[in-house]
Amino acid sequence: MPDTIYLKDYTPYPFQIENIDLHFELEESRTRVTARSRWQRRSAGPLRLDGQELQLAALRLDGRQLAAADYTVDADTLTIAQVPDAFTLEIETIINPAGNTALEGLYVSGGNFCTQCEAEGFRKITYFPDRPDVMTVYTTTLIAEQSKFPVLLSNGNLVAEGERDDGRHYATWHDPFPKPCYLFALVAGDLDCVEDSFTTRSGRTVALRLYVRSHDLDKTAHAMASLKHAMAWDEEAYGREYDLDIYMIVAVSDFNMGAMENKGLNIFNSRYVLASPDTATDADYVAIEGVIGHEYFHNWSGNRVTCRDWFQLSLKEGFTVLRDQQFTAAMTGSAVPRIDDVRLLRAHQFQEDAGPLAHPVRPASYQEINNFYTLTVYEKGAEVVRMLRTLLGPELFRKGTDLYFSRHDGQAVTTDDFVQAMMDVSGRDLSLFKRWYEQAGTPRITVERRYDAAQGSYTLTLRQSCPPSPGQERKLPFHIPLRAALFDGKGAPLSLRLAGEAAPAGTERVLELTEEEQSYTFVDVKAEPVPSLLRGFSAPVKLALELDDGELAFLMSHDNDSFNRWEAGQQLALRVMLRLIDVLHSDGRPALDGNFSAAFARTLADGTLDPALIAEALTLPAEEYVAEFLAVVDPQAIHVARQYLRRNLGFAHREALLDTWQRLTDDGPYRIDAAAMGQRRLRNLCLGYLVEMGNDEVRSLAMGQLRAGANMTDVMAALTALVHSGAPERSEALAAFHARWHDDALVLDKWFAIQATAPLPGTLEQVKRLAASPDFNLKNPNRVRSLVGSFSARNPVCFHAADGAGYAFLADYVCELNALNPQIASRLLTPLTQWRRYDAARQTLMREQLERIGVLPALSRDVAEVVGKSLK
Ligand code: 7ML
Ligand code: ZN
């Protein structure tokens, strides 16, 4: 078992580093790194530095070469027992970037050098205190062969460059802002650059540069536009201006995560940079804008104000995700992104919160920090900051963020410091609120409603509870903001006056639940209203409000909160699906629910609604979300029920679906604004329902859309519909797509993913064939995710095949990747951690695979932690 690191053991580092000079003599398999740094003691103790997989070539203290007796080196530390109170340290290490398949530290991707240091990759470059509270000023010199690596980049501003007479050249970069080493970056390679500029509101001009391989130059416009939008939005919404004269983004094709906010030099997975209408879907365009925003916003929430230790990861990530969500909402002007975020949270974060790896937004311990870049830290963390905003209101919240940024600029701080700033500007006591950071698990709220006609009063009694999670048997009540409204029989919102109040205060209130049970009595209520609670998903909880089918249908058409209108439809759909699953389990005959079908038709025909919201409303709850409501998950039954409903809704509303598909056919120029995207979304949703029915005529429409190839959104929708419905044309369609796109890695990823997610018998065999094809590459994380990840995390019915073949397939890849890229191995493993949710036979099969992985020789810390906690 790997060692466990505890939050309670935090101690400040005993030294301060004034600055560091880094020199890189770049060679693919033998790079020499010289680090010269100036130190000052702050408290007693030896000098201990982190370092892994380094060959130590020289070690000098104040210019004197240290003797072997002066220091000790083991697999992850270098310790010098005696150092003066102020000194200069010079360390030379040799590393092998070409042999670095873990993609952490300095590595080679597509022939170029790049780095990924968050969380603990810098220790694979040189010996250094690899922790975020040690901040210093970096000057970096890169030296490399000019012909192969014409571009040499690092953080900050270029201060010198030149040629040497041996065919090599150099560049020196200086970053004036002290930073932790996880924000260090360098890039060296043969890249082209698109350039633009942004003038900040105080009038400074910032050079914007986007570096890509030359054949990708035509796919950079959207990323550049997104960056400018993000810079303007952060000035407007948070008063945050950019602080260096240059902002660079580099796209690389081998990257473990989405992107990285290195100061002044973001490095991106190319999938979050490159887009053209031919190659990227609408969802890709939206994701690119969001990720560009996310990394840009880190310049303040993460870089200027950083984390004291990795337990505080959500300080920067939760807050920055909230910021990128607000940005996306502002750019699209629609409720769709909020709905999609909640779908993700419910389908996957709720699962994490209920499983063996459940942890609080601010964990108290970890074995491998890379395993804590989770949906809980990111997405639930964003919900927690969003709740603070709901509790304080937008103005006070903004005052709070202003105070936080000014008070802690240049510091490494904690989530407590963030909440303290919110307390200080509002005068509110948020000490109970901090439980959101400390306790894992998804709270459940039940609602009892009582209308008293004689008194004209309406009472809501709310009760909260939270199931136990690992290491936390009993939970204290959470401070939960519940946005609430009440509607009269005509669908008008009531003015809300609580008992004891002199006058009503608006038609929407935030009820604050802080105890296990609380009642709220509204007065002047003339008839029993329909309640709309948790509006906009105001807290990451499971709300059990037992509305009847009629009330749900009422809210679907009358609620003035778009999120809750959508939510009412989802609840109705969920109920229908759960009833179907019951019918299937008792060998009964399924039937299409008439009320649900009528509501479906009404929504489809509603000309007043935004097409994107219609599409959201007509998308049935994900199989993973339905699973949340079953005591024992039956992936087969869930899939059959959902499929049954899709097919029968298709039959029942064939004409309307066809009409909508035809009506929304857009022959005009391709646009990527929210309106055009909404139309494509609804149109392609209709196509999906139609093709699911499987008749020749409709399939030929899909083939037509595919062949027309107007844009990747329409092409993917047609191809997915054909492949996932098992249409006879699917092989031909896939072959044509492959022939057209096999040279474009990002498009080929889509081709892999479509096949891996087909909910059909034979998918696993096809996935295995694809894994053996020359297009597959175990060293490329995007490709691995598109095939192995898609199959195991996005194809429940095939992955959970009763014979366990899906589990064995995943385990084989986890075993191989454990040696190559532990971060990717550990992430892929996630679906197996959920084994307790399944029937006894599946439990045994899943556990067998976990055990098999657990006894691998040389098990990485990443995989060991996940397997260990899953089997406990
Ligand atoms: C979240 C990131 C990482 C890991 C990016 C790596 C990051 C850490 C990095 C939202 C949008 C885009 C990417 C990510 C993400 C997991 C997810 N600091 O900026 O958080
Ligand atoms: Zn981030």
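Every number for a ligand or one of its atoms is a count from 1 in the order of the listing. Given the structure is predicted, the values throughout are model-derived calculations rather than measurements.
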Just list the N/O pairs, ligand 1 to protein, that are under 3.5 Å apart, with the distance for each.
residue, atom, partner, partner atom, Å
ligand 1, 18 (N), Glu118, OE1, 2.6
ligand 1, 18 (N), Glu261, OE1, 2.5
ligand 1, 18 (N), Glu261, OE2, 3.2
ligand 1, 18 (N), Lys316, NZ, 3.4
ligand 1, 18 (N), Glu317, OE2, 3.0
ligand 1, 19 (O), Glu261, OE1, 3.1
ligand 1, 19 (O), His294, NE2, 3.3
ligand 1, 19 (O), Glu295, OE1, 2.8
ligand 1, 19 (O), Glu295, OE2, 2.9
ligand 1, 19 (O), His298, NE2, 3.3
ligand 1, 20 (O), His294, NE2, 3.3
ligand 1, 20 (O), Glu317, OE1, 2.8
ligand 1, 20 (O), Glu317, OE2, 2.9
ligand 1, 20 (O), Tyr378, OH, 2.7

Practice item. Check all N, O or S atoms of Glu317 and name the one closest to the Zn ion (ligand 2). Key: OE1
Check your understanding: Taking both backbone and side chain into account, is any N, O or S atom of Glu261 nearer than 2.8 Å to the Zn ion (ligand 2)?
Key -> no
Check your understanding: Under the 3.5 angstrom rule, does the side chain of Arg783 hit a backbone N or O of Ala745 as a donor-acceptor pair?
Key -> yes
Check your understanding: Restricting to pairs with a member in residues 179-188, which pass salt bridge (charged side-chain N to carboxylate O under 4.0 Å, His left out), not counting sequence neighbours?
Key -> Asp175-Lys179
Review point. Charged N to carboxylate O below 4.0 Å: is that the case for Arg123 and Glu53?
Key: no
Revision key, fill the gap. Residues at least two apart in sequence or cross-chain that pass side chain to side chain contact (heavy atoms under 4.5 Å, CB included) with Cys181, listed by chain then number, are Phe122, Phe128, Asp130, Tyr138
Check your understanding: Would you call Asp243-Arg304 a salt bridge at under 4.0 Å N-O?
Key -> yes
Exercise for review: For the pair Arg861 (side chain) and Gln367 (backbone), establish whether a donor and an acceptor sit closer than 3.5 Å, ignoring hydrogens and angles.
Suggested key: yes
Practice item. Among the N/O/S atoms of His298, select the one at the shortest distance from the Zn ion (ligand 2) and name it. Key: NE2
Practice item. Please list all pairs passing the ring pair (Phe, Tyr, Trp, His ring centres under 6.0 Å) test where one or both residues lie in residues 340-362, with sequence neighbours left out. Key: His359-Phe372
